[in-house]
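Worksheet: one structure, shown below.
Owing to the predicted nature of the structure, the values given are computational and were not obtained by experimental measurement. Chain naming here is simple, since letters A, B, ... match the order of the sequence lines and numbering starts at 1 in each.
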Protein chains: 2
Amino acid sequence: MPLDIPNVVIDRLPLYYRLLCDLHADGTAVVSSQELGQALGITPAQIRKDLSYFGRFGKQGRGYAVRRLTEELRQILGLDRRWRVVLIGVGRLGTAIASYRGFDPQGFDIVAIYDANPETAGVKVSPLTVRAVEALAGDLEAQRPDIGIVAVPADAAQDVIDTLVRGGVHAILNYAPIAAHVPTEVQVRQIDPVLALQGMTYHLRRHGADERSRA
Amino acid sequence: MPLDIPNVVIDRLPLYYRLLCDLHADGTAVVSSQELGQALGITPAQIRKDLSYFGRFGKQGRGYAVRRLTEELRQILGLDRRWRVVLIGVGRLGTAIASYRGFDPQGFDIVAIYDANPETAGVKVSPLTVRAVEALAGDLEAQRPDIGIVAVPADAAQDVIDTLVRGGVHAILNYAPIAAHVPTEVQVRQIDPVLALQGMTYHLRRHGADERSRA
């Protein structure tokens, strides 16, 4: 497998994978890059280029074999196994994350949850009991989870991320509105609704200007 | 302003804007593309290229004037005004979104919240009272909000999105794990932690393989 696949390509693969799983469940055997593109709002050329990084999945003019491509993507993305996840921050957002039923079917097990609030430690959130954040460093050493989800306030987030990195966690999903600093070997993905909204207001502003000039 | 700026560039501008606001608050007057890049994990060349779409902000060898660039980005991104947001879905996640204090300081006002559960309608979530989702279409007609946030279950999401689009909403932040179908003039951003995790497990899998081969 090539080593220098752009992150922007990697980050599209889960979209393809989810759509292919749905197609497979619906009994679709073959799908074209046109059909994939239409369903995802991505050009067929982009899809062909993205998938070409990983070998020749499609046959010219015949489309992609759904089952085979799904299985290849599952392996490429590392979804043929389960991943152990710790969650830090059990406020309203963290509670919603801990209770989300979308993680388990995709192979992500939240194995421990932590909070800095002494009143929250000891509380049960579905099957798990909230642990004090002071226990995090020792737990990481002992249990070696794969992924950390950070849902603490902005001013506490970098400290928690540093603890995760020192504890050997190489993948961090950061809900706190900060640009996390991590070593290059650690992956971070940011979930930030304000940044997403601000990417859309650019278009709204132009659209509004267009509408006014037509009026 | 040029019309054909790639979305991937637009979506980086809020990152620059947030960092520049922090720098301005700290009293920094001038910043180089190297310093911006280091703080954000983006190459200085990429930052210079992104900002060059919008005119010549920086002077060769002297860096960017923080206050001027912040103000220009505020206008470019449409953050020099307030935006009216409706939220549909007031389960655990929707409640966390409705209670999030990060929207207001950035100009986003959640003006109405909706839920399909008859037991949730009428409940107060901070200053707002949950309305029945059946009222959404009429409310959109009367109140013309700018943005819809969708936090309903996957199987209800496309219907809600269709209602928003018919009601004239041109920007949708979608938390439901579906690939939303919208007309080309409507912006959608997806917030999906599973997709974000799956983009990282690709790297974890390779990293793990590396570690094992070194062991």
Side chain from CB out, backbone as N, CA, C, O: work out which of these in [X] comes under 4.5 Å of a heavy atom of chain A, or both, or neither.
X      : value
B:D192 : both
B:V182 : neither
B:I97  : neither
B:L195 : both
B:L77  : both
B:I147 : side chain

_Tell me whether A:R81 is salt-bridged to A:D146, with the criterion being a basic N under 4.0 Å from an acidic carboxylate O._
yes

_Check ion pair A:R82-A:D109 (N to O, under 4.0 angstrom)_ = yes

Between [options], which shows the greatest number of heavy-atom pairs under 4.5 Å with chain B?
options                     : value
A:A154, A:A180, A:A96       : A:A96
A:E185, A:Q187, A:Q190      : A:Q187
A:A39, A:G94, A:G91, A:G107 : A:A39

Does any heavy atom of chain B fall under 4.5 Å from the side chain of [X], the backbone, both, or neither of them?
X      : value
A:V85  : neither
A:L197 : both
A:I178 : backbone
A:I172 : backbone

*Roughly how far, to the nearest 0.5 Å, is the CG atom of B:L93 from the CG atom of A:L93?*
7.5 Å

*How about B:E141: does its CD atom have over 12 heavy atoms from other parts shown lying under 6.0 Å from it?*
no

*Identify which of B:R12, B:Q75, B:Q38 forms the greatest number of heavy-atom pairs closer than 4.5 Å to chain A.*
B:Q75

